[in-house]
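Residues take their numbers from the sequence shown, with the count starting at 1.
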Amino acid sequence: MAKSKKEIISIKSISKIYHLGDNVVKALDKASLSIYENDFISIMGPSGSGKSTLMNIIGCLDVPTNGTYKFNNQLISKMNDSQLANIRNEKIGFVFQTFNLLPKLNAVQNVEVPLIYSSLNRKERLERSKEALNIVGLSDRMSHKPNELSGGQRQRVAIARALVNKPSIILADEPTGNLDSKSGEEILKFLDKLHKAGNTLIIVTHEKSVAKRAKRRIEIFDGKITLDE
């Protein structure tokens, strides 16, 4: 890896421990990881391996029990709820397997949702949302609601929503999991384009064909990172 790239995320010896009754579950076990600008990473592992826990911690949706996590050299554990929400809203774009679109809103309105808490006025939010939909090739579907779109189109709306705040990182959790093979391939080609355009991508997947698209592969098993190449 080119160390001259800017380090966005530094994770050192993080563990995540859950107490379920009398049982102690170690979802992550002293995992360490650095993520750099324009990385394209896949995170693989069997069910229960800890990959979703790792993604939730990277995305500031959860906090580690032990260890340190720095985002842009700032210690996450020292941040309050408002600062963490700001990172989730402005620095990280999320793409989920289930799209998570609001059914009563059309494509532009769904993309606009992360901008509602920004300082942009209504016109600026609309322009930014339309620009994001243009990027994903949906300029002709802006007024369509989710039930009027195909699965692949809905996922592209979700990607536009992830892009609209121009985040440092895009986190995609099984982005092709609910799609047929043709739509899934289209989404993967689009993610390739995003990486070539300079975006930092992290994809959590259980599919080897998806993982192969990434430039860097991380495997996790029993809460430990067993491969990083």
Side-chain angles (χ1 to χ4, degrees), residues 1-3 5-98 100 114 117 158 162 165 167-175 177 199-207 210-211 214-229:
M1 170 159 317
K3 297 294 183 190
K5 286 185 184 179
K6 179 188 172 188
E7 185 182 55
I8 301 173
I9 286 174
S10 171
I11 286 172
K12 291 185 178 173
S13 290
I14 63 168
S15 296
K16 183 65 181 181
I17 297 167
Y18 295 102
H19 295 274
L20 303 173
D22 294 332
N23 297 323
V24 176
V25 177
K26 195 174 273 192
L28 284 177
D29 187 5
K30 295 181 180 176
S32 295
L33 177 66
S34 288
I35 297 169
Y36 297 87
E37 208 169 43
N38 199 218
D39 261 350
F40 187 177
I41 297 171
S42 67
I43 299 176
M44 283 194 77
S47 179
S49 61
K51 63 182 187 295
S52 294
T53 302
L54 178 59
M55 182 173 183
N56 287 340
I57 288 173
I58 291 172
C60 296
L61 297 168
D62 201 354
V63 292
T65 308
N66 302 302
T68 60
Y69 173 18
K70 289 182 179 179
F71 190 99
N72 284 335
N73 217 29
Q74 292 181 297
L75 204 56
I76 290 294
S77 61
K78 299 292 185 186
M79 293 184 183
N80 60 33
D81 288 346
S82 177
Q83 290 170 312
L84 289 173
N86 184 62
I87 284 181
R88 288 193 298 267
N89 192 48
E90 295 186 6
K91 306 296 184 186
I92 300 171
F94 295 92
V95 180
F96 301 99
Q97 179 178 348
T98 51
N100 286 9
Y117 304 101
N165 263 326
S168 307
I169 289 175
I170 296 166
L171 275 180
D173 187 5
E174 302 283 3
N199 290 281
T200 303
L201 301 179
I202 303 171
I203 298 177
V204 172
T205 182
H206 67 276
E207 298 178 60
V210 175
K215 306 301 178 190
R216 181 177 165 200
R217 190 160 51 106
I218 290 168
E219 291 183 4
I220 189 165
F221 187 77
D222 282 350
K224 295 178 182 290
I225 292 175
T226 56
L227 180 75
D228 185 355
E229 64 177 21

Main-chain N/O of K30 paired to S15 side chain as donor or acceptor, under 3.5 Å: yes
Derivation and outcome, salt bridge (charged side-chain N to carboxylate O under 4.0 Å, His left out), residues D39 and K215: CA-CA 7 Å; D39 261 350; K215 306 301 178 190; over 6 Å; no
Spacing of K12 atom NZ and S34 atom OG [to the nearest 0.5 Å]: 7.0 Å
Euclidean distance, I225 CD1 relative to I11 CD1, rounded to 0.5 Å: 7.5 Å
Shortest non-hydrogen contact between A162 and V95, atoms and distance: CB-CG2, 3.7 Å
Sub-4.5 Å side-chain heavy-atom contact between C60 and I76: yes
Minimum side-chain heavy-atom gap I35-I58 below 4.5 Å: yes
Heavy atoms from other residues, nucleotides or ligands near CZ of F221 exceed 12 (cutoff 6.0 Å): no
Close side-chain approach of I17 and V24, heavy atoms under 4.5 Å: yes
Side-chain heavy atoms of I14 within contact of L33, under 4.5 Å: no
Any pair counted as side chain to side chain donor-acceptor pair (under 3.5 Å), so long as it reaches residues 76-95, sequence neighbours left out: none
Euclidean distance, I218 CD1 relative to L227 CG, rounded to 0.5 Å: 8.5 Å
Test item: N38 side-chain N/O and N199 main-chain N/O as donor-acceptor pair under 3.5 Å: yes
Heavy-atom closest contact (G93 atom, P167 atom, distance): N-CB, 3.6 Å
Pairwise distance CD1(I170) to CD1(I92) - rounded to 0.5 angstrom: 11.5 Å
Separation of E219 CD from M44 CE (nearest 0.5 Å): 6.5 Å
Donor-acceptor pair, side chain of S32 and main chain of S13, under 3.5 angstrom: yes
Gap between atom CD1 of I41 and atom OG1 of T200 - 0.5 Å precision: 8.0 Å
Residue pair L61 / F94, side-chain heavy-atom distance below 4.5 Å: yes
Close side-chain approach of M55 to I43, heavy-atom, < 4.5 Å: no
Atom of A31, atom of G223 and distance for their closest heavy-atom approach: CB-O, 4.4 Å
Sequence neighbours excluded - side chain to side chain donor-acceptor pair (under 3.5 Å) pairs with any residue from residues 49-72: K16-D62, Y18-D62
Heavy-atom check, side chain of I8 versus side chain of Y36, under 4.5 Å: no
